[in-house]
Amino acid sequence: MQKVAVIGAGTMGNGIAHVFAQNGYAVNLIDVSAAALEKAIQTISKNLDRQVAKGTVTEEQKAQTLANINPLASIPDGVREVSLVVEAATENVALKLKIFQDLDQHAHPDAILATNTSSISITKIAAATKRPAKVIGMHFMNPVPVMKLVEIINGYATDKSITQEIVALSEKLGKVPCVVNDYPGFIANRILMPMINEAIYSLFEGVAGVAEIDTVMKLGMAHPMGPLQLADFIGLDVCLSILNVLHDGFGNPKYAPCPLLVNMVTAGYLGAKSGEGFYKYTPGSKDLVVSPRF
């Protein structure tokens with residue numbers, strides 16, 4: 001496996017492409033948006049510059065990594081000759097099912113089809129193809145070049161040999177693979193999202209303020225980032241979407257999203273990407289400032 005394709009040039013897609021390319025793989029980075037592809041290459045270049053400044057890669061390695069990435073706008077052209085496809089498009093069920101139908105049609109019959117989904121059923125995605133045994137989840141963490149974990153999710157029909165191959169591949173990328181089974185939220189988000197939701201409920205009910213909640217978790221539980229800051233970093237819309245998957249999948253009221261989270265997403269306060277969530281984000285500033293709404 002020396003040639004892979006990555007579908008989607010957003011935050012996760014460009015990070016995944018970066019890691020594969022840095023480890024010597026030829027990568028077709030595919031997105032329908034030329035602007036997204038251009039931005040992705042710029043982001044990867046800037047991230048490589050940080051690695052050069054830290055001494056973890058050389059200028060020559062940076063140049064080779066960028067040379068390994070081939071931006072493309074077409075799925076058929078980009079997946080025809082690859083051994084692995086990693087889909088990292090928007091967390092939308094209908095979109096992912098359509099992408100996997102296209103991948104199944106155009107990718108080589110022996111190619112493995114992986115999805116970076118953080119919550120959508122691998123079994124459901126696999127059922128949109130004629131090769132469910134070759135469909136698997138590869139849930140990378142953000143930022144991909146930095147975070148070591150890859151949550152590998154078996155669909156109901158995923159063949160054990162495919163799992164073993166993806167585990168070995170993840171290790172070659174310098175990652176730590178953890179294999180889990182396909183149930184709502186998998187493991188990462190089944191545990192993380194209820195914690196974030198409980199933090200939001202604590203704020204909603206007036207138990208403590210934003211900074212206090214995050215400080216307790218950072219200093220008391222040794223979390224590098226408090227749950228409210230982390231929610232802003234993930235995107236409050238993404239958090240809401242995952243909580244809805246958990247709530248719908250298990251039918252358990254403990255997963256019901258906090259009304260404050262629902263209101264914030266409805267109003268467009270999505271966290272860092274929108275400029276405000278539980279904190280206020282000013283371009284060029286690294287100061288952590290609680291939103292004046294709280």
Do [X] side-chain atoms and [Y] backbone N/O form a donor-acceptor pair below 3.5 Å?
X	Y	result
N142	M12	no
T215	E212	no
T282	S285	no
N28	P71	no
E151	I187	yes
T129	A126	yes
D31	L37	no
H223	M225	no
E87	A89	yes
K175	M147	yes

Which is it for V19 and I16 under the side chain to side chain contact (heavy atoms under 4.5 Å, CB included) test, yes or no, and what are the steps along the way? CA-CA 5 Å; V19 169; I16 294 167; 6.0 Å; no

Counting only heavy atoms from other residues, nucleotides and ligands, does the tally under 6.0 Å from [atom1] of [X] exceed 12?
X	atom1	result
Y156	OH	no
E81	CD	no
Y201	OH	yes
E60	CD	no

Let me confirm one number: the [atom1]-[atom2] distance from [X] to [Y], rounded to the nearest 0.5 Å.
X	Y	atom1	atom2	value
I122	H139	CD1	NE2	10.0 Å
T123	N154	OG1	CG	9.0 Å
S83	K3	OG	NZ	10.0 Å
S202	I213	OG	CD1	5.0 Å
M264	S291	CE	OG	6.5 Å
L246	K254	CG	NZ	9.5 Å

Over all heavy atoms of both residues, which pair between [X] and [Y] is shortest? Give the atoms and the distance, please.
X	Y	answer
A17	I69	O-CD1, 4.3 Å
D232	G271	OD1-CA, 3.5 Å
G8	L29	O-CD1, 3.6 Å
A231	F278	CB-CE1, 4.3 Å
V6	G13	CG1-O, 3.6 Å
T163	T158	OG1-CG2, 3.8 Å

Indicate yes or no: at least one non-hydrogen side-chain atom of [X] is less than 4.5 angstrom from one of [Y].
X	Y	answer
I152	C178	no
M138	T115	no
V144	H18	no
Y281	E276	no
Y25	V82	no

Assess the side chains of [X] and [Y]: does a donor N or O sit below 3.5 Å from an acceptor N or O?
X	Y	result
Y269	R293	yes
T90	N92	no
N14	T43	no
S119	N189	no
Y255	N197	no
S241	E91	no
H106	Q101	no

Quick check on side chain to side chain contact (heavy atoms under 4.5 Å, CB included): which of L173, L66, T65, N68 does Q22 satisfy it with?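 It is T65; the other options fail the test.
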
Taking a hydrophobic cluster as the set of Ile, Leu, Val, Met, Phe, Trp and Tyr residues connected by side-chain heavy atoms closer than 4.5 Å, whether directly or through intermediates, do [X] and [Y] fall within one such cluster?
X	Y	value
M217	F233	yes
M141	M193	no
L72	I99	yes
I234	I200	yes
I191	I153	yes

Can [X] and [Y] be counted as an ion pair, charged N to O under 4.0 angstrom?
X	Y	result
R131	D104	yes
D214	K218	no
D237	K273	yes

Take L192 and L230 through the side chain to side chain contact (heavy atoms under 4.5 Å, CB included) test and state the conclusion after the steps. CA-CA 10 Å; L192 173 64; L230 180 56; 3.7 Å; yes

Report the C-alpha separation of D159 and K134 in whole Å, then their side-chain angles, then the decisive distance to 0.1 Å, and conclude whether the salt bridge (Lys or Arg N to Asp or Glu O under 4.0 Å) test is met. CA-CA 7 Å; D159 191 276; K134 294 182 179 293; over 6 Å; no

Pair L103-I7, side chain to side chain contact (heavy atoms under 4.5 Å, CB included): steps then yes or no: CA-CA 10 Å; L103 294 177; I7 310 295; 4.1 Å; yes

Set out, in order, the CA-CA distance, both residues' side-chain angles and the distance that settles side chain to side chain contact (heavy atoms under 4.5 Å, CB included) for V4 and V86, then state yes or no. CA-CA 8 Å; V4 303; V86 181; 5.8 Å; no

